[in-house]
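The next block holds one structure in the form of structure tokens; read it before the comments.
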Amino acid sequence: MELQTQFSSREDMTTYLALQLEGLYSTEAIPNEIRGGRRAALEQLEKFKAVGYGKRNFVASHTSRLSAYLRHGVLSMAEVAAHVRKNANGREKIEFLKQLAWREFFLLVLEQEGIGVLENLEAPKYATKWQNDLPEDILEARTGLPCVDTWVEKLIETGYMHNHERLWFAAYVTHWRMTDWKAGYDFFREHLLDGDIASNALSWQWVASTFSSKPYFMNQQNIQKFSSDAYCSSCRAVCPFRKSYPDLERSLFGQDYGWSS
Amino acid sequence: MSVLVWLHGGSLSPTDPALLANPNAPAIFVFDKPFLERTRISFGRLQFIFESVLECVEAREHRLCVGIQSEEIIAFARSRNCTQIHVTFVASPELDRTIDALEEAGFKVVLHHLERLTSYSGQVKRFSAFWKRVETEVWKP
């Protein structure tokens with residue numbers, strides 16, 4: 001079935017595409033805030049000077065929003081790197097280029113391992129029995145934890161999740177809810193505009209400890225600090241993250257990885 | 001020899017290497033129905049891809065369609081008497097399967113490559129070791 005390529009407006013295109021692809025997508029047919037295409041990509045690139053990027057671990061910080069364009073080859077890593085070398089300075093430039101290097105690293109691992117990246121590359125570094133499916137309360141954003149539910153709602157609504165939130169969410173799913181990282185990978189692939197095999201699968205494996213020497217996890221203080229207290233002060237839930245790192249290491253993994261040191 | 005450029009979800013720029021190498025060739029993009037039927041993908045992702053494809057084919061003959069990817073490419077290539085199919089390579093099992101099907105159907109598949117960040121081509125295991133090897137090149141290529 002051939003698709004038309006001329007539209008009077010974006011709304012017109014959205015309506016048309018929703019009808020033509022009916023049955024082939026998993027969500028409501030709501031247009032993205034982030035537009036596809038080279039022109040939109042170049043506009044975003046031009047705006048990005050990496051100002052504040054040194055504080056990129058703070059969810060409210062200024063991130064590039066270029067990942068969807070990089071993922072789909074709309075921008076190349078080389079041209080983004082050239083832009084940042086020219087327009088950014090100091091630690092901000094260093095931090096951003098290092099993040100691009102992570103992307104390149106993940107792609108090289110994918111080329112090396114092939115489809116094997118969708119299975120555990122290494123044994124988990126703690127004794128665990130993960131369940132296969134993502135629990136319904138997570139999928140439906142009704143865990144009762146305001147932070148987790150907000151991450152899920154925003155992801156579904158916007159197709160975007162800040163990198164630090166991705167790590168927190170992956171740790172929650174894998175370690176607290178004892179769910180196989182592959183279920184989380186599928187969920188991200190479904191919704192993230194930048195969802196790909198390499199960065200997505202290997203980041204989940206890094207958190208799960210099947211592609212790293214120890215599992216990644218966080219505590220409530222970490223979420224409170226880097227979310228700029230978006231959730232914690234007003235949260236009335238029984239917080240599973242409200243422990244010290246040594247206590248969490250013992251309760252989640254039964255051993256001490258030295259994260260707290 | 002006549003060329004068809006095949007665009008996919010990892011090569012969606014008008015400056016895509018396969019497109020740039022063949023400025024007068026027709027191009028095709030296929031929403032692969034069997035893949036989408038077995039994989040949950042949000043509408044937003046498909047729309048982002050579609051918007052990107054539209055800009056890629058603005059100034060050339062094209063076919064954008066929904067169907068079985070390999071079959072659609074083969075049919076369009078034959079209708080235009082193309083014997084070569086040019087595509088930009090990304091590591092992907094779906095891409096590999098389609099390339100195999102095109103070659104089995106008798107087409108020559110020519111791979112182009114996206115510009116990378118580094119020239120590193122050795123084995124990789126941990127980022128820290130990789131970073132030590134590429135750091136200088138990343139700062140100043």
Side-chain angles (χ1 to χ4, degrees), chain A residues 1-3 5 13-14 17-18 20-21 23-32 34-41 68 71-79 81 85 94 97-98 100-105 107-112 114-115 156 159 186 189-193 195-198 212, chain B residues 7-17 29 31 33 35-37 39-58 62-67 88 90-93 96 114-118 120-127 130-131 134-135 138-141:
Chain A
M1 175 183 61
E2 183 154 16
L3 297 170
T5 56
M13 185 264 280
T14 302
L17 194 64
Q20 300 305 311
L21 297 181
L24 299 178
Y25 50 87
S26 62
T27 60
E28 286 182 64
I30 297 168
N32 292 313
I34 302 173
R35 285 175 182 249
R38 176 81 174 170
R39 283 189 281 272
R71 150 66 179 96
H72 290 290
V74 185
L75 296 172
S76 76
M77 278 197 283
E79 71 180 323
R85 286 188 200 104
I94 291 169
L97 290 173
K98 198 168 183 180
L100 277 184
W102 267 104
R103 178 175 287 275
E104 173 114 325
F105 170 71
L107 286 171
L108 287 169
V109 176
L110 175 61
E111 283 185 24
Q112 182 179 296
I115 197 71
I156 292 172
D186 284 340
R189 181 186 57 189
E190 179 180 358
H191 293 287
L192 282 175
L193 291 185
D196 67 356
I197 296 178
S212 57
Chain B
L7 298 170
H8 54 77
S11 68
L12 297 180
S13 170
T15 62
D16 172 70
F29 175 86
F31 280 113
K33 200 171 177 187
F35 174 77
L36 292 174
E37 282 173 340
T39 311
R40 290 179 63 84
I41 299 288
S42 69
F43 178 79
R45 293 206 64 184
L46 300 181
Q47 186 191 34
F48 183 91
I49 289 168
F50 188 62
E51 285 180 315
S52 299
V53 178
L54 290 178
E55 282 188 35
C56 291
V57 299
E58 272 175 358
H62 60 265
R63 178 174 167 79
L64 273 51
C65 57
V66 184
T88 296
V90 295
S92 149
D96 291 344
L114 288 166
E115 214 179 349
R116 283 185 37 197
L117 182 64
T118 76
Y120 185 77
S121 60
Q123 289 281 302
V124 282
K125 183 166 172 67
R126 292 285 188 253
F127 179 77
F130 168 71
W131 180 241
V134 302
E135 188 174 0
V138 171
W139 300 148
K140 287 184 182 176

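Sequence lines set the chain letters: A, B, ... in the order given, protein chains first and strands last, and positions in each chain run from 1. Computed from a predicted model, the values in this text were never measured in an experiment.
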Which bit of [X] comes within less than 4.5 Å of chain B, counting heavy atoms only: side chain, backbone, both or neither?
{"X": "Ala18(A)", "value": "both"}
{"X": "Ile156(A)", "value": "neither"}
{"X": "Ile115(A)", "value": "side chain"}
{"X": "Gln112(A)", "value": "side chain"}
{"X": "Ile197(A)", "value": "side chain"}
{"X": "Leu21(A)", "value": "side chain"}
{"X": "Ile94(A)", "value": "both"}
{"X": "Ala68(A)", "value": "both"}
{"X": "Thr14(A)", "value": "both"}

Which atoms form the tightest heavy-atom contact between [X] and [Y], and what is the distance?
{"X": "Ser52(B)", "Y": "Gly37(A)", "value": "OG-N, 2.9 Å"}
{"X": "Ala81(A)", "Y": "Leu117(B)", "value": "CB-CD1, 3.5 Å"}
{"X": "Leu12(B)", "Y": "Val74(A)", "value": "O-CG2, 3.5 Å"}
{"X": "Glu115(B)", "Y": "Ser76(A)", "value": "OE1-OG, 3.9 Å"}
{"X": "Trp131(B)", "Y": "Ala101(A)", "value": "CZ3-CB, 3.4 Å"}

Which of [options] touches chain B most, by non-hydrogen pairs under 4.5 Å:
{"options": "Arg38(A), Glu111(A), Glu104(A)", "value": "Glu104(A)"}
{"options": "Leu192(A), Ile34(A), Val109(A), Leu107(A)", "value": "Leu192(A)"}
{"options": "Leu75(A), Leu108(A), Ile30(A)", "value": "Leu108(A)"}
{"options": "His72(A), Met77(A), Met1(A)", "value": "His72(A)"}
{"options": "Gly36(A), Gly23(A), Gly73(A)", "value": "Gly36(A)"}

With a 4.5 Å cut-off on side-chain heavy atoms, are [Y] and [X] touching?
{"X": "Arg71(A)", "Y": "Phe48(B)", "answer": "no"}
{"X": "Gln47(B)", "Y": "Pro31(A)", "answer": "yes"}
{"X": "Leu24(A)", "Y": "Val66(B)", "answer": "yes"}
{"X": "His62(B)", "Y": "Glu2(A)", "answer": "no"}
{"X": "Arg40(B)", "Y": "Asp186(A)", "answer": "no"}
{"X": "Trp139(B)", "Y": "Arg85(A)", "answer": "no"}

Hits for salt bridge (Lys or Arg N to Asp or Glu O under 4.0 Å) against Arg35(A), two or more places apart or cross-chain, chain-then-number order -> none
Run the ring-ring contact (aromatic ring centres under 6.0 Å, His included) test against Phe31(B) and tell me which residues pass, sequence neighbours left out. Phe29(B)
Once rounded to the nearest 0.5 Å, what's the spacing between atom CD of Glu79(A) and atom CG of Leu114(B)? 10.0 Å
Rounded to the nearest 0.5 Å, how far does OG1 of Thr118(B) lie from CG of Leu100(A)? 11.0 Å
Once the angle between the rings of Tyr25(A) and Phe43(B) is folded into 0 to 90°, is it parallel (under 30°), tilted (30 to 60°) or perpendicular (over 60°)? perpendicular
Take the angle between the ring planes of Phe105(A) and Phe130(B) and call it parallel below 30°, perpendicular above 60°, tilted in between. tilted
Atom group of Phe35(B) that falls short of 4.5 Å from chain A, counting heavy atoms: neither
Please classify the contact of Phe50(B) with chain A as side chain, backbone, both or neither, using a heavy-atom distance under 4.5 Å. side chain
Verify the neighbour count for atom CD of Glu37(B): are there more than 12 heavy atoms of other residues, nucleotides or ligands below 6.0 Å? yes
Would Glu51(B) and Arg39(A) pass as an ion pair if we require N to O under 4.0 Å? no
In terms of heavy-atom pairs under 4.5 Å with chain A, which of Pro93(B), Gly67(B), Gly9(B), Gly122(B) leads? Gly9(B)
With Ile41(B) as reference, evaluate His191(A), Glu190(A), Arg189(A) under the side chain to side chain contact (heavy atoms under 4.5 Å, CB included) test and give the passing residue. Arg189(A)
